Chemist: 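Take this structure, written in structure tokens, and hold onto it; I'll ask about it next.
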4 protein chains.
Amino acid sequence: MFDKFERLSEEKQKRIINAVIKELANKGYKQASTDIIAKEAVISKGALFNYFNNKKGMFRYVFDYSVMIILEEFYEKIDVSKADVIERYKDAVLIKLELMNEYPDIFNFFTKVTLEDDAEINSIIEEKINEVYKESFAKLFSGLDMNIFKEGIDIQKAINIIIWSLKGYSDQLLLEYKKTKVSLSDIDNEKILNELNEYLELLKKCLYK
Amino acid sequence: MFDKFERLSEEKQKRIINAVIKELANKGYKQASTDIIAKEAVISKGALFNYFNNKKGMFRYVFDYSVMIILEEFYEKIDVSKADVIERYKDAVLIKLELMNEYPDIFNFFTKVTLEDDAEINSIIEEKINEVYKESFAKLFSGLDMNIFKEGIDIQKAINIIIWSLKGYSDQLLLEYKKTKVSLSDIDNEKILNELNEYLELLKKCLYK
Amino acid sequence: MFDKFERLSEEKQKRIINAVIKELANKGYKQASTDIIAKEAVISKGALFNYFNNKKGMFRYVFDYSVMIILEEFYEKIDVSKADVIERYKDAVLIKLELMNEYPDIFNFFTKVTLEDDAEINSIIEEKINEVYKESFAKLFSGLDMNIFKEGIDIQKAINIIIWSLKGYSDQLLLEYKKTKVSLSDIDNEKILNELNEYLELLKKCLYK
Amino acid sequence: MFDKFERLSEEKQKRIINAVIKELANKGYKQASTDIIAKEAVISKGALFNYFNNKKGMFRYVFDYSVMIILEEFYEKIDVSKADVIERYKDAVLIKLELMNEYPDIFNFFTKVTLEDDAEINSIIEEKINEVYKESFAKLFSGLDMNIFKEGIDIQKAINIIIWSLKGYSDQLLLEYKKTKVSLSDIDNEKILNELNEYLELLKKCLYK
DNA sequence: TATGAATGAGGATTCATTCAT
DNA sequence: TATGAATGAATCCTCATTCAT
């Protein structure tokens, strides 16, 4: 399918992929300009269409690539030997924040992607999510110790509350940093970690034996 | 400013507003087509520009309108005499779900609007949010009984966990209905209310005296 | 033809005519906006088209009107008893400058009109010029004493040189005032009259006995 | 700036430039249609905007081009060794008439251009005039013998009368040819030259020693 | 007779995609 | 294989003219 592209030197592939992701992250699919992408990648517009056939193909390629990159890095970093639910999810959230810092364009791209209105683009996205979902879900849940919860508590509900709280906290964090236009890398980690831990201690006191 | 528009028959105003909101909800600001809006509203393109001067004006008008509609309905429905934090927020979420059911296009429009690229559009949005925020915030918090929480619990953190959990639950609900393409109005209300109450009972047991 | 218009009160006719001339003077025929004219005249756009049928009719009416006004004023002011060619033409130029000061919009309108590209508009203009030309030409030449020129001089050529010099001088004057954005009414008359007289003395010395 | 355009074949450049000048000469800036220009030049509308970015850029390019062409031809033809004022200006006028015959669209364009309403267009024009004025002025005046005038004559005034007379004569000529719709190239040169010389002899007899 | 809302063709500009070189 | 010029449909917006009230 994209063998023409993959026969290019790795350096050129990276340059092109980064240019595509950057423009998609900035503008979303429809408003992304192939002209700007070609310029940013320092290749001709014709080449872009040779490699990916059309804009949709280009999207499909870099979306698959982006998902792959993030999952690989995530799997590498997550410690599946921790049995404590809260600690495992806390790690997951912190890794996500780290990765957002390392690959900001990819995450902006993912955010933009959630609201695309093109039917074909949406099916590409959905397809990928279905493909990836089960595997990563299993990874996140494997080997957790469910006996840690208090008697009489609905474990699935408790886990959801934990996940939603962590998501709520990190979303709030990102909103603040977006508002103040401070990069994630400028985060005062200690203060945030402390605050996060306080939330998690509260949840532990509530939910754990 | 928009007096030409407001001199139209109410029926026509509604038809136009709905057409604009629908297109904005589907495509976002930049990709929304004034051509399609005019066709959907069964008016000429020229008329659209007579009423709103330009696309930005059109956006401004229906955005203000949408915010007003939703807030009015919300204020009418929310019961500010309930002092129980969880019950108050549960009501807020249920009202939001009801309104999403009643005005699905407006909520899709609001969702799309969060990711607009256009600087002027963003400032229109921000301006409105600033105008509206304090008032509605006060409404949601006024008269709450904060003594209900267990001793030693950080009240702000507890409230955040409640809010995030409610948001998490309703987001999950919406995702499910979006996936199965079932309208919110087809919700089996009893089942959902039961499930929601279970979550809230869990939180009460954890956080309340 | 335009009886509907002419049945209006004189005050209203004036208001409308002035609005039309002003817009035509500013923008030329094609770019003149009937909307702006209606607003300036404080009448409805529909009325404008009732009075003049269409934009062309409107043009025809105010062009005829403008030519009539200027000619009437000119004939009233020109002293046909002066037999001296140079003095007669000097008067004509000075009267023209006076009228430009009194009716600046009309003269700007006339200037714009010379470069219209609409075929029908051009034929309206040409028609009027042909109608008016002979009469005013006769007025300007009647009763001149041609014996004043030196023997052996081609009188028609001498007259042309006089006319062209006067035109050159007044054009230069207008250009200066346009450049410095000073209104004609702010002209330092004495200085200009002196300079003009010096030109005319030179011509008299050359051409007269 | 316009390198994309200048990389085209000379034939295509000419075709496009001529189409642009023709439309601008006919309609003026605002009313000129890029659609018609593209059709006349037998290129796509998109191409036009690739070459010149926008309508203003297109104007700027062909205006600069036109000024350059005319000045080059003029400088090539004017004989600066003639010291006689009248002969020098006579040459200038004859060259102008020749060039009007050779490049009628350019001169119509220049005429239209004097009455443009658009502020940016006017500043482009003024800028160019300022750039070109001094140089061409110097060319026209350099090496003239001012001792040829009679004693007691104001030389500047005499020169102005010469210039205005020449301008008057050539304007009259052009008006006649415009009226009879005869092209300048059909001019009976001998008759005109004789008449022009008679005017100039009259001026010489008046003004020269 | 007067109004001004409605129309729709026409205007400048953009951009994914093609294709000759 | 790589290039980038060329295309033309689609975009927002304007305005003379019409016509129901």
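A note on names: the letters A, B, ... follow the listed sequences, proteins ahead of strands, and every chain is numbered from 1. What you are looking at is a predicted structure, and each value in this text was computed from that prediction instead of being measured.
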Chemist: Using a strict cut-off of less than 4.0 Å between a Lys/Arg side-chain nitrogen and an Asp/Glu carboxylate oxygen, indicate whether A/Glu11 and A/Lys14 qualify as a salt bridge.
Modeler: no

Chemist: Whole angstrom is fine here: how far is it from CD in B/Gln31 over to P in E/dA16?
Modeler: 11 Å

Chemist: Counting distance only, does the side-chain N/O of A/Glu116 pair as donor-acceptor with the main-chain N or O of A/Gly28 below 3.5 Å?
Modeler: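 Not confirmed, A/Glu116 side chain does not pair with A/Gly28 backbone.
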
Chemist: Specify the separation, in whole Å, of atom CG of C/Leu24 and atom C1' of F/dA16.
Modeler: 14 Å

Chemist: Is there a donor N/O on one and an acceptor N/O on the other, under 3.5 Å, for the side chain of C/Lys55 and the base of F/dT17?
Modeler: no

Chemist: In whole Å, what is the span from the CD1 atom of B/Ile43 to the C1' atom of E/dT7?
Modeler: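 My rounded result for the distance is 11 Å.
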
Chemist: Any stems for DNA chain F, made of 3 or more Watson-Crick or G-U pairs in a row, each with both distances under 3.5 Å?
Modeler: E:2-21 with F:2-21

Chemist: Hey, which sits more toward the 5' end of DNA chain E by its nearest nucleotide, B/Leu48 or A/Ala32?
Modeler: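 Looking at DNA chain E, the more 5' nearest nucleotide goes with B/Leu48.
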
Chemist: Tell me which nucleotide among F/dA16, E/dA6, F/dC12 gets nearest to the side chain of B/Phe49.
Modeler: F/dC12

Chemist: For residues D/Gln13 and D/Tyr51, is any side-chain donor paired with an opposing acceptor at under 3.5 Å?
Modeler: no

Chemist: Base, sugar-phosphate, or nothing for A/Asn54, non-hydrogen atoms under 4.0 angstrom?
Modeler: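 Sugar-phosphate, no base atom in range.
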
Chemist: Within the 4.0 Å heavy-atom criterion, would you say C/Thr34 contacts the bases, only the backbone, or no part of the nucleic acid?
Modeler: base

Chemist: With respect to the phosphate group of F/dT1, does any side-chain polar atom (N or O) of A/Tyr51 fall under 4.0 Å of OP1 or OP2?
Modeler: no

Chemist: Using atom CG of D/Asn53 as one end and atom P of E/dT13 as the other, report the distance to the nearest whole Å.
Modeler: 10 Å

Chemist: So which of B/Tyr103, B/Phe59, B/Tyr65 actually passes ring pair (Phe, Tyr, Trp, His ring centres under 6.0 Å) with B/Phe109?
Modeler: B/Phe59

Chemist: Is any side-chain heavy atom of C/Val20 less than 4.5 Å from a side-chain heavy atom of C/Tyr61?
Modeler: no

Chemist: What contact category does B/Ala38 fall into here, base, sugar-phosphate, or nothing, at under 4.0 angstrom with non-hydrogen atoms?
Modeler: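 It contacts nothing in the nucleic acid.
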
Chemist: Find the distance D/Phe59:CZ to E/dA12:P and express it as a whole number of Å.
Modeler: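 Result: 15 Å.
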
Chemist: Looking only at the side chain of D/Ser44 (C-beta and beyond, no hydrogens), which of the listed nucleotides F/dT7, F/dT11, E/dA2 gets closest?
Modeler: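 That would be F/dT7.
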
Chemist: Tell me: CZ of C/Phe52 to P of F/dT17, nearest whole Å?
Modeler: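 Rounded to whole Å, this separation is 14 Å.
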
Chemist: May I ask you to say whether C/Arg60 pairs ionically with C/Asp64, meaning some side-chain N is under 4.0 Å from a carboxylate O?
Modeler: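 Salt bridge absent between C/Arg60 and C/Asp64.
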
Chemist: Which donor-acceptor pairs under 3.5 Å do side chains of residues 34-46 of chain C form with protein atoms, sequence neighbours excluded?
Modeler:
| from | atom 1 | to | atom 2 | distance (Å) |
| --- | --- | --- | --- | --- |
| C/Glu40 | OE2 | C/Lys22 | NZ | 3.2 |
| C/Ser44 | OG | C/Ala47 | N | 3.1 |

Chemist: Would you call the rings of B/Phe110 and B/Phe63 parallel, tilted or perpendicular, taking 30° and 60° as the class edges?
Modeler: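 If you compare the ring of B/Phe110 with that of B/Phe63, the planes turn out perpendicular.
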
Chemist: Once you round it to whole Å, what is the distance between P of E/dG11 and NZ of D/Lys30?
Modeler: 13 Å

Chemist: Is the NZ or CZ atom of C/Lys55 positioned over C/Tyr29's six-membered ring, under 6.0 angstrom from the centre and within 45° of the axis?
Modeler: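 The answer is yes; both the distance and angle limits are met.
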
Chemist: Can you find a donor-acceptor N/O pair under 3.5 angstrom joining the side chain of A/Lys45 to the base of E/dT17?
Modeler: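 Looking at the base of E/dT17, it does pair with a donor or acceptor on the side chain of A/Lys45 (distance under 3.5 Å).
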
Chemist: How close or far is atom C1' of F/dT7 from atom NZ of D/Lys39, stated in whole angstroms?
Modeler: 14 Å

Chemist: Would you say the side-chain atoms of C/Gln31 pair up with the backbone N or O of D/Gln31, donor to acceptor, closer than 3.5 Å?
Modeler: no

Chemist: Between B/Tyr29 and B/Gly46, who's closer to the 5' end of DNA chain F by nearest nucleotide?
Modeler: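 The 5'-side residue here is B/Tyr29.
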
Chemist: Where along residues 2-17 of chain D does a heavy atom fall under 4.0 Å from DNA chain F?
Modeler: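 Nucleic-acid contacts, sorted: D/Lys4, D/Arg7, D/Leu8, D/Lys12.
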
